[in-house]
Structure formats: C-alpha cells, structure tokens
Amino acid sequence: MSKHPLLTGGRGERHLLLGNEAIVRGALEAGVSLISCYPGTPSSEVPDTFRKLGSDRYALEYSVNEKVAMEVAAGAALAGAMALATMKHVGVNVAADPLFTAAYIGLPGGLVLLSADDPGCHASQNEQDNRHYARAASLPCFEPASPAEAKEMTREAFRMARELQQPVMLRTTTRVNHMRGPVEFGELATDRSLVPFERNPGRFVAVPATARSRHRALTAAMRKAREFADSSRFNTEHGDPSVRTGVIVSGVSRNYLADALATGGWAGRVRVLELGMTWPLPERTLKDFLSSCDRVLVLEEGDPLLESGVRELAQRYQCAVRVEGKDELLTEQGEYSTTLLLRRLAQYLDCPCPTLSSAAPAAEGLPNRPPNLCAGCSHRAVYYAVRQVFGDDAYYSNDIGCYTLGVLPPLRAADFLVCMGASLSAGSGFARVSGKPVVAFIGDSTFFHSGMTGLANALFNRHDLMVVILDNGTTAMTGHQPNPGMAQEALGDTALHLDIEAIVRGMGVTRFARVKAFNLKGVMAALEEMKNEKGVRVLLAEEPCALYARRQFKKGATQVAEVKEQGEEALRCLDTLACPAFYRDGDNLAVDESLCSGCMVCLQVAPRAFKARKRG
Amino acid sequence: MSESTQKRMRIYFTGVGGQGTLTATTLLSRAAMDAGLDVVAGEVHGMAQRGGVVESVLLLGGWCAPRLDPGEADVILGFEPLETLRGLSYLRPGGAVFSSSDPLPPVSAALGQAMYPDVREIEEKVRASAGLCRFLPCRELGLRAGSVQSGNTVLVAAACASGALPIGADALEAAIRKHLPAKLQEVNLKALALGVEAAGA
C-alpha cells in the first residue's frame, strides 16, 4: 500500500496539492468507501489519484460511462456507504437520468457528485454551466475557489449528503481542478461504517405513488439545505458594513475579484459577499445583504444563475437595490480574468481603470501549434487507409478521444462530431437521408461508453454504416485510464477484459474484419471488400497507443525509419501522412530519430522513399 | 483570502506538450512553498498535452487568480523559443525573460507549410521588450547534465540564480533533493549547476 501523504498525512500537515488531489483528501477525511467515475478533463486526476494511492480503504471503479458510474455510486449509497461519482460537465448529461431520481428516493449513505465544468472549452465540446443541474435536480451545491476549499467543501458535502440523505454536487471549473495550492490536512476518517439498509419499497422503489411522496420529501430536504447555506462557513461577507456598494461573487471568480481589488486598491470601496455554498441560495444572508446595499454587482462565470436568484430575492423582499450582472463585458462565454473584472469594477465604482500595458503586443503570424496525433499513433495509419479507400465520396462521422485530432489536414477524418458515442448513431441518421456512404470512427473506450447502443440500433434499424473501431487498448486522451478493452495483463485482477469482436459478432454483425492498424495493406484490403456493401460493417483496427505501450509495457522502438531516396514519393508521404517525426530540410524530407517510434507506416506508404534500420 | 505582506510576483511558464513544463512548474512551486512563500500555481491539462502549447503560472506572495492576462507576468520562463515569443505579450514592461534557444518546430513548420522564425530574431525581439533577457541552449546543457528533460531545470536554475525570483538556487537545490525521485536527483543537480553557471556567464 502507498505511503503517500494523502493517505497517511495527519491533521495539521500542509501539502501543495492540485485541486483534484485536494478533493481526494477531502473524501478520505470524510470517510468515502466507493468511488466511481468516467474519466474526462478536468475531472480525471480525482479517480487517477485514488488509483495511484491503491488503498483497501475504498473501492474504486472506472465505470463504462457516467450513467453507470452514477448508478453504481447510488447503489453504494443506498447500501449505506459514502460514495463519490466523478465526471466532467458533459458527463452529467449522460448521468442525468439516475441523478434526478436518486434525489427523489434519497441515499442514506451519502453521495457526492463531482461535476467538473470547463468554461472556455479547454478540452470539451461545449461550456455548459452545470449549476443548472443543481437547480433542476435539487442538489445542494458547493463551488470551491482553491485547493484548500476543494478539500474542505468535499468533506462538508459528504457530511451534508449523509445528514440529508440527498445527493450533493461539488461543482468545480477547470482552473480550480488544475490549480495547485497549499492544503492543511484534517483528521482522516477512521469510521467508515455503513448506514444499515432498511427495506422500504415505499421510499426506495420509484414508482409513481412513491415518487409523488418523495418529491415532497425532497422539497423538505432542500428547505433544510437552505438553512445550512445560511449558516455555512463558506458563505462570508467582508468589507466595511457602512459601504452600500456591494459585490456578490461565487466560484473561481472570487480569485479574479481578490486580485482586481488588490490591483485597483479598491478593497475599502466595496462590501463583498462571497458564496461557496451556492445552492440553495442562502436566502436570509442575501436578503440582509441586499437590504443594506444601494447597488450590487454579481460576478459569476457562465449563465446568470446567481444573478437571477438575486433579482428574484430583491423583488420578493422589495429591496431598493440596483442589481447588475451579465452585460457586454461580463458575458456568458468563456472565463473571467483579473483584467476583465478590473475594467468592470472601474465602471461600477465610476473611477479610472489602472492602465495595464504589456512589454510587447501579441505576436502575429506565428506558426500555430495545435495538438496533434503523436508520431507512431495507430489512428494516423487507419485514417490514411480509410481516406485512400473512401476519399471525398464518403462522409466521416467522428467521436470523442485522441482520434478526434484526425479532423486536421491532411487526414481530414471528421465531418461532424456531436458527443460521446454519437459517431454510430448520428452517422446512421446522416446516411439514411443523404444516401451517401458514411464512415463512423469510434475508439475502444467510447465504444464501451455509448457506442454499443448505437451499434445495436444501427443493426436493429438496418442502417447502412461502415464502422471503424480504433482500438488502442486504453483511454488515451484523458491519461490512459482502464476500460473494458484494455489487455487483461494491464487490468490486473480487479477488472475483466471484454472482447470487442465477441460483442460485435454477438450483436449480430456479420460483415466484420479484425486487422492490425499498422498493416496498411490488410486495413485497405478489408475496407475495399466492405466498401460497396450495404448494412452495418465493422472494421476493428488494433494497435496499442504508442505512448501507453512505451510507459506500460516498456516497449521502446526497435527500429527507425530512414529516408533512402529523396524525391516526389518522399514528399508525397510527408504531405499525406504528416507524421510529426518528419520534417522538411530544404527540398528534402528528413526523419527526427528521437520522435520516430518505428511503426513503419511510412515505409508502406512510400516504399521507394524509406527503409527500416535497426536501432543500435 | 489572507492578506500577505510578501512581495507579489507572477511567473508565466510556456512550452510544448511532453516537454515537462508542468513538472518544472511544480518543482519551483514546491521550492517556493518550502521557502515560506504564499504559493498558487495554475495549470491546464488535457488535450493540449498532445504536442500543443502548454502554459502554466506560478503566483507568489498573495495573488489568487490562476489565469493571466497580457501584461500581468513579472517573469516568463519559456522552454521553447517560439512559445516564448508567443507568450511575450504576457510580460509586464520591464519584466524578465528566461528562455530555451532550442526550437521544437510545430508540425506545420516541420512540413514546410509555415515558417519557423529565426531564433536570433526571436531573441532580438524579446531582448528589445524585456528588462532582463536570457536565452540558453537548454537542450545541449540538459544533455550534458544527463537528459534532455533536465534542460528545464537548467532554465529554472538560471532564473533562480539571476535574482529575478524570490527563490534562490539554494532553495531550488533543496527542493530537488526533497521532492524529486532519487534516480532523477543527480541529473537535476548537475543541470542546476549548469544553469547557475550560465546565469553568471
């Protein structure tokens, strides 16, 4: 067992932690017994840290998707354990069905849902604001602004979840998940005993009659939660009480506000109400604050949720206060920043904004550096083959993972992408009305997440679809987390490998081929054969993720590609394959040996241009 | 959000995914925390780490916001010259820049679809804008210390030794001994010595 300070550190110790590591410590201090998750940036380091710690104090599972993760956690909390379910914001969409009804029946052990939102779309397909879910599903909600708070709020969220027997949301944003700061440890939980489950179908079996009475119970629990919010130590007011110019602020914006007030020297000119427990709204606290202000400015990233609540309360209690919030500066899009709040506060306080100048203007015309498929990535080989066979006639339905990067030229392997698992189902719909060939690309982890249902549907409804499963044996994009497709030797004895071919054939797919992704001839031959057929066809292309193979299996490159003949063929390979190990040296092509992984796909694309050489 | 009497400073790190930018940020953060400074570091993980630009920040002395706007950084640590230039607008007037002079061309430049700027021109542009400017052959010095990755430690050590940071080379040395795995210490201590030497040169 690990001797990591997160697992062994005692009360009063201070460590520099990532926000996500602080959440782990908070859960351990609370007494968590089960963690379920589906990995997704910016949430992934929470389960990954639990995995690294490898303690027998808790059960950890990488579920196949967020709905399942939520249900497993809910089951554990029904059985009386403290359970933590972690996911990124869009994952909560997948988990929404069990989430809403779990709140109705209530969970005696206590469930905390980590919703890791991503304002600014650093690694996401949208920037939805999941505080809406707290309101829609009736979940008390905490929003930390620092690692220290992330730990404290996780602990408090568990305490509340068990007391109310209701799920509680810990809502973070990317900057907080990935912020590092000092965290003072509290006592680790020693008592992780279960709340005994007492059979009570009138409560726990959500049929209509139960649901009606449980809706009333939920409303009562949220009334109690409102009391908690009003007395929460995470909701604090500071500033001169005689100042009647107010600011109400929540989440990560509290950091930008603190720095803006320090830069402007304006701390004495405003009274600030900082909210850390943000749902239910602390109604009494807000009423008192609004009653003692002439004006308030509400600062929150995302949608104007706090602002709407403040406006509603001001109206209900007839407070003579002017409420300001979202406008042309403080928009619903992206992230806030210190400079943005400085400008807005200068307007609000009607004073000059400190001039901020840079040492240099933003540099223009520099070559961009978008993320890219790695050298030796098997996805590049498969995309190349598919484009050779299908060309521009077909439409390419893509999915979520590293392989999404195939959208970039020259591979251009994505015409549309919606969400996890949609490659098969959206591809089915597209093919049906367009009458065009559609190739759906999906990775192994995404296939298990929600591609299997799309495949079943495509078969059931007799869609015409060429499915290419890009199986690299791991969940690569988010940091090589396990999934059912991972090799048994890598999974160890806590999880069972599932065979994708057996699943696909078991569902009823008859047109199937299993190929090695780096065997270009084999991939292309299989595609050629299935290209003009009707119905659902599946190509399973296998090759471990190059990074993963190197780290997990210590498989280094045994050979390297060398240019043996410069000329048209070499340059065509450079243009069509665009491996990051290639570079142009004048009119010639060269291979960076330190990057080449020895996949030898280039040798198959341009046999005259390359030869393989053993690494010495 | 406690008030602090320490000198406030913002350091902006930039590099290329896979280079070790975040590891360097964490090492300097730990050194600062062990030295008793208020520390907040901000990172962005995920998709960018596949060969994209990786930025991070280290805030000392009481700053809270883990995201910088142009003009807010007192110091830039650039682990790749093109990224140093791209990040230069984050520097406040009179700020300090420490950068590697070894290019890692992005794919577009490697494939000949875009031009990688001349490194001497990058250096001149940075020198004209910054109060203090140091370009070091981090790749070569790192290799001399024992690994390419330790080139990051060379750069961080040079910044510490220059006096531009409130963390000295001795504090960085202590952090290497305390926080890095034993097998990496020797290489990084060598890299530190090379960085200190380069700062004095």
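In what follows, chains carry the letters A, B, and so on, assigned in the order in which the sequence lines appear, proteins first and then strands, with residues in each chain numbered from 1.
Chain B forms more heavy-atom pairs under 4.5 Å with one residue of A:Pro580, A:Ser357, A:Ala362, A:Ala363 than with any other, namely A:Ser357. Contacts with chain B were tallied for A:Val252, A:Thr174, A:Asn368; A:Asn368 has the most, counting heavy-atom pairs under 4.5 Å. The greatest number of non-hydrogen atom pairs below 4.5 Å with chain A, out of B:Pro66, B:Gly42, B:Gly131, B:Gly87, is found for B:Pro66. With respect to chain B, the highest number of heavy-atom pairs below 4.5 Å among A:Leu589, A:Leu340, A:Asp592, A:Thr338 belongs to A:Thr338. Interface summary for chain B: among A:Thr339, A:Asp585, A:Leu574, A:Thr236, the most heavy-atom pairs under 4.5 angstrom belong to A:Thr339. In terms of heavy-atom pairs under 4.5 angstrom with chain B, the leader among A:Ser253, A:Ala360, A:Ser594, A:Gly181 is A:Ala360. Ranked by heavy-atom pairs shorter than 4.5 Å toward chain A, the options B:Thr25, B:Val107, B:Leu111, B:Val39 are led by B:Leu111. Of the listed residues (B:Pro93, B:Gly71, B:Ala114, B:Gly112), the greatest number of heavy-atom pairs within a distance under 4.5 Å of chain A belongs to B:Pro93. With respect to chain B, the highest number of heavy-atom pairs below 4.5 Å among A:Glu335, A:Arg180, A:Glu364 belongs to A:Arg180.
Both the backbone and the side chain of B:Ser29 come within less than 4.5 Å of a heavy atom in chain A. Proximity to chain B is limited to the side chain of A:Leu18, based on heavy atoms less than 4.5 angstrom apart. For chain B, the nearby part of A:Ala262 is the side chain; its heavy atoms alone come within less than 4.5 Å. Heavy atoms closer than 4.5 Å to chain B are found in the backbone of A:Pro370, but not in its side chain. Residue contact with chain B, scored on non-hydrogen atoms closer than 4.5 Å, is absent for A:Pro42. Using a 4.5 Å cut-off between heavy atoms, A:Leu571 does not touch chain B at all. Only the backbone of A:His15 comes within less than 4.5 Å of a heavy atom of chain B; no side-chain atom from C-beta onward does.
Contact detail for B:Arg92 and A:Ala359: the closest heavy-atom pair is O-CB, 3.5 Å. B:Arg67 approaches A:Tyr336 most closely through the heavy-atom pair NH1-O, 2.8 Å. Minimum interatomic distance between B:Ala65 and A:Asn255 (heavy atoms only, all atoms of both residues): CA-CB, 3.8 Å. Between A:Met179 and B:Cys64, the shortest heavy-atom distance links the atoms CE-O, 4.4 Å. Closest approach of A:Pro367 to B:Met115, counting heavy atoms only: CG-O, 3.4 Å.
No more than 12 heavy-atom neighbours from other residues, nucleotides or ligands sit within 6.0 angstrom of CZ on A:Arg14. Taking a 6.0 Å sphere around CD of B:Glu186, one finds it holds 12 or fewer heavy atoms contributed by other residues, nucleotides or ligands. Other residues, nucleotides and ligands contribute at most 12 non-hydrogen atoms within 6.0 Å of the CZ atom of A:Arg343.
Proximity of B:Glu80 to A:Arg369: side-chain heavy atoms (C-beta onward) are separated by under 4.5 Å at one or more points. Here the side chains of B:Arg10 and A:Asp259 are in contact, with some heavy-atom distance below 4.5 Å.
To the nearest 0.5 angstrom, A:Ser337 atom OG is 7.0 Å from B:Glu72 atom CD. The distance from atom CG of B:Asp69 to atom CG of A:Leu342, rounded to the nearest 0.5 Å, is 9.0 Å. A:Leu366 CG to B:Leu85 CG: the interatomic distance, rounded to the nearest 0.5 Å, is 5.0 Å.
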